Every structure is written in structure tokens, then in C-alpha cells.
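Have a look at the structure below, then the notes.
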Amino acid sequence: MPGSRNTWYQGRPMRFHDRREAGRVLAKALAHLHGRNPVVLALPRGGVPVGFEVARALDVPLDLVLVRKLGAPSQPELAVGAVAEGDPPTTFLDAQLIRHLDVPQSYLEKARADASREIARRQQSYLAGRARPDVHGRCAIVIDDGIATGATMRAALAAMRQRGPAWLVLAVPVAPPDSIAQLRHEVDEVVCLDQPEHFQAVGTYYENFPQLDDEEVVSLLNTRHSAIASRSR
């Protein structure tokens, strides 16, 4: 993208203690955006603790980008695409991988329907009708705890671009170089703390990488929302 800025931060520890620590380190790398009226948008569940620390450090709102991976038949961890919230929802499909695995169209249609239902459930569970910050004309910082293939992030970024931010930023603690190379064309700026050449699963770059539940996501959102609300009183 013309005029885009892509920043790599090297020399960081290969392993973070947990997602909260990764968020604190990431926040330092994003400090230059403080004056651009940013809003942080995290991919649940794992991106929320990371995004929480960034939003707290920058003293800005925390919101979500609701997105669901479309797993391959018999290989649910392998993403053949993803669906992100929106009206209509944004769908990304990895056409090359779908052809390689010979994934039936009927499977994709069912997977998309299932993903859309889960997004609707999470929207109700996490947000419960709460007003969401408007990102139009603002700096939107999209955050996850890491990237593997990039399918879910690609759908998330496409959905966020439709909301009209003035500057779209992808910010993650760790990702493989090839995924970042593909995604950097979707945004105005990339901030990635580490890009290991021989990338493993995202969780291997954390000492503590527990599964998060809905209650933890809601708690972090409520804490940040309360902080923003009390500041405006």
C-alpha cells in the first residue's frame, strides 16, 4: 500500500511470560500512535489480554474483531478460510489450499454458517448490547496474540477496513515472516515484535499460554470500559 509503514522489532526475547507481558512490550512499540486517536481491536479470545495491555498503556478504548476460523475437514486446526463480523459478514477463503485438499463447497457453506452463528453468540456474550467505539477516521490497531497462517487475521483486517479507519495497523507479538509479508499489503502499518524464520505454533513463544474462557474476555472488556467511562465523567 503506498505510504505504508512496516516496522519490525528484533532482539526481543523469543518467549513471553504470558499474553499480558506480550501486550506490555507491544504497547511500547506502539507508543508513537498515541496522538493519532487510536482504538484497539482485539481478536478473541487470545488477543484480548494482549490488546488490554496496549489499550491501557495508550489509555484508549478496547473493542473486539469477532472472527472465526474455517478449519479443514478432519484437520480443524488448519484454516482454509475465516469469517469476520459485519453486515454482511466478511469471508476469506484460501482458494489454493481448498483446491489442494479438495474441500467440497457444501462443507464450506456449512462451516461458514456455523462460524456466523458462533460470531453472533460471542457478540451477545461479550458485548451484551454495549455501544462500540466508532473507528471511522481513527487509527485502528488490530491485535492478536500471534499469527500462524494469517487466515483469521486477513478476514479481520478486511472487516475492519470496511469500517473506514484513517490508519489501519496490524500489531502482534510474533508471526512467521511469510504471513507478515502477505498481510502487510492489507494495512497501513505492521508492528511485529518477533518473526522467527523457523516458526512453530504460537503457544511455543509463551511460557504460559492457557486457554481463555468467555468470562475472562468479558472481565477485561468491562475493566477497560469502566476506566474510559470514569475518565470522561
Side-chain angles (χ1 to χ4, degrees), residues 19 41-48 50-51 63-128 132 140 142-163 168 170 172 174-187 190 192 196 198-206 209-218:
R19 293 179 178 93
L41 303 119
L43 275 65
R45 298 182 178 97
V48 176
V50 183
D63 196 16
L64 305 177
V65 184
L66 297 171
V67 59
R68 291 290 290 173
K69 174 174 63 180
L70 304 180
S74 305
Q75 300 181 70
E77 293 305 313
L78 178 61
V80 297
V83 176
E85 63 175 314
D87 187 18
T90 299
T91 301
F92 165 72
L93 296 176
D94 188 330
Q96 183 176 355
L97 184 57
I98 288 170
R99 285 194 301 270
H100 175 72
L101 297 176
D102 195 23
V103 180
Q105 182 64 28
S106 59
Y107 174 88
L108 293 173
E109 291 174 358
K110 182 180 184 304
R112 267 192 292 213
D114 291 344
S116 295
R117 281 193 293 271
E118 177 59 15
I119 286 171
R121 185 199 70 80
R122 289 191 173 195
Q123 188 167 28
Q124 177 60 34
S125 176
Y126 296 159
L127 303 171
R132 305 176 72 177
V142 180
I143 291 178
D144 204 356
D145 54 12
I147 294 173
T149 65
T152 53
M153 183 57 75
R154 188 181 294 270
L157 293 172
M160 192 50 53
R161 182 65 80 182
Q162 291 181 2
R163 293 171 63 180
L168 182 59
L170 164 61
V172 290
V174 62
D178 57 343
S179 292
I180 289 293
Q182 293 171 9
L183 291 167
R184 68 183 179 183
H185 302 292
E186 309 295 326
V187 297
V190 173
C192 183
H198 304 290
F199 188 83
Q200 303 175 51
V202 170
T204 62
Y205 300 97
Y206 290 83
F209 196 71
Q211 291 290 326
L212 302 178
D213 56 30
D214 287 354
E215 289 73 18
E216 292 172 279
V217 171
V218 172

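Note that the structure is predicted; figures quoted are calculated from it, not measured.
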Would you say the side-chain atoms of Tyr205 pair up with the backbone N or O of Ala175, donor to acceptor, closer than 3.5 Å? no

Pair listing, side-chain hydrogen bond (donor to acceptor under 3.5 Å, both in side chains) test, anchored in residues 113-125, at least two apart: Lys110-Asp114, Asp114-Arg117, Glu118-Arg121, Glu118-Arg122, Arg121-Asp214

Residue among Leu183, Val174, Val172 satisfying side-chain contact (heavy atoms from CB on, under 4.5 Å) with Cys192: Val172

Where do Ala148 and Val202 come nearest, in terms of heavy atoms and distance? N-CG2, 4.4 Å

Quick one: closest heavy-atom pair of Gly47 and Ile143, and the distance? O-CG2, 4.0 Å

Of all heavy-atom pairs between Glu216 and Leu212, which one has the smallest distance, and what is that distance? OE1-CA, 3.3 Å

Quick one, Phe199 and Asp178 - any side-chain contact, counting heavy atoms below 4.5 Å? no

CG of Asp144 to CG of Leu170, rounded to nearest 0.5 Å, is 9.0 Å

Quick check: closest heavy atoms across Thr152 and Val67, and the distance to 0.1 Å? O-CG2, 3.6 Å

Let me have the donor-acceptor pairs involving side chains of residues 90-101, under 3.5 Å, with sequence neighbours excluded, atom names and distances please.
residue : atom : partner : partner atom : Å
Asp94   : OD1  : Gln96   : N            : 3.4
Asp94   : OD1  : Leu97   : N            : 3.0

Between the CD atom in Gln162 and the CG atom in Leu157, the distance rounded to the nearest 0.5 Å is 11.5 Å

Over all heavy atoms of both residues, which pair between Met160 and Val65 is shortest? Give the atoms and the distance, please. CE-CG2, 3.5 Å

Given side chains that start at C-beta, do those of Ile147 and Gln182 come closer than 4.5 Å, heavy atoms only? no

How long is the span from the CE atom in Met153 to the CG atom in Leu43, to the nearest 0.5 Å? 5.0 Å

Please find the pair of heavy atoms, one from Ala159 and one from Ala84, that lie closest to each other, and give the distance. CB-CB, 3.7 Å

Could you tell me whether the side chain of Leu168 reaches within less than 4.5 Å of the side chain of Arg161, counting heavy atoms only? yes

Tyr126: partners by ring-ring contact (aromatic ring centres under 6.0 Å, His included), with sequence neighbours left out: none

Residues that Asp145 engages under salt bridge (charged side-chain N to carboxylate O under 4.0 Å, His left out), provided they are two or more places apart: Arg19

Which pairs count as salt bridge (charged side-chain N to carboxylate O under 4.0 Å, His left out) when at least one residue sits in residues 64-90, sequence neighbours excluded? Lys69-Glu77, Glu85-Arg132

When you compare the side chain of Leu108 with that of Val103, does any pair of heavy atoms fall below 4.5 Å? yes

Partners of Glu109 by side chain to side chain contact (heavy atoms under 4.5 Å, CB included), sequence neighbours excluded? Gln105, Arg112

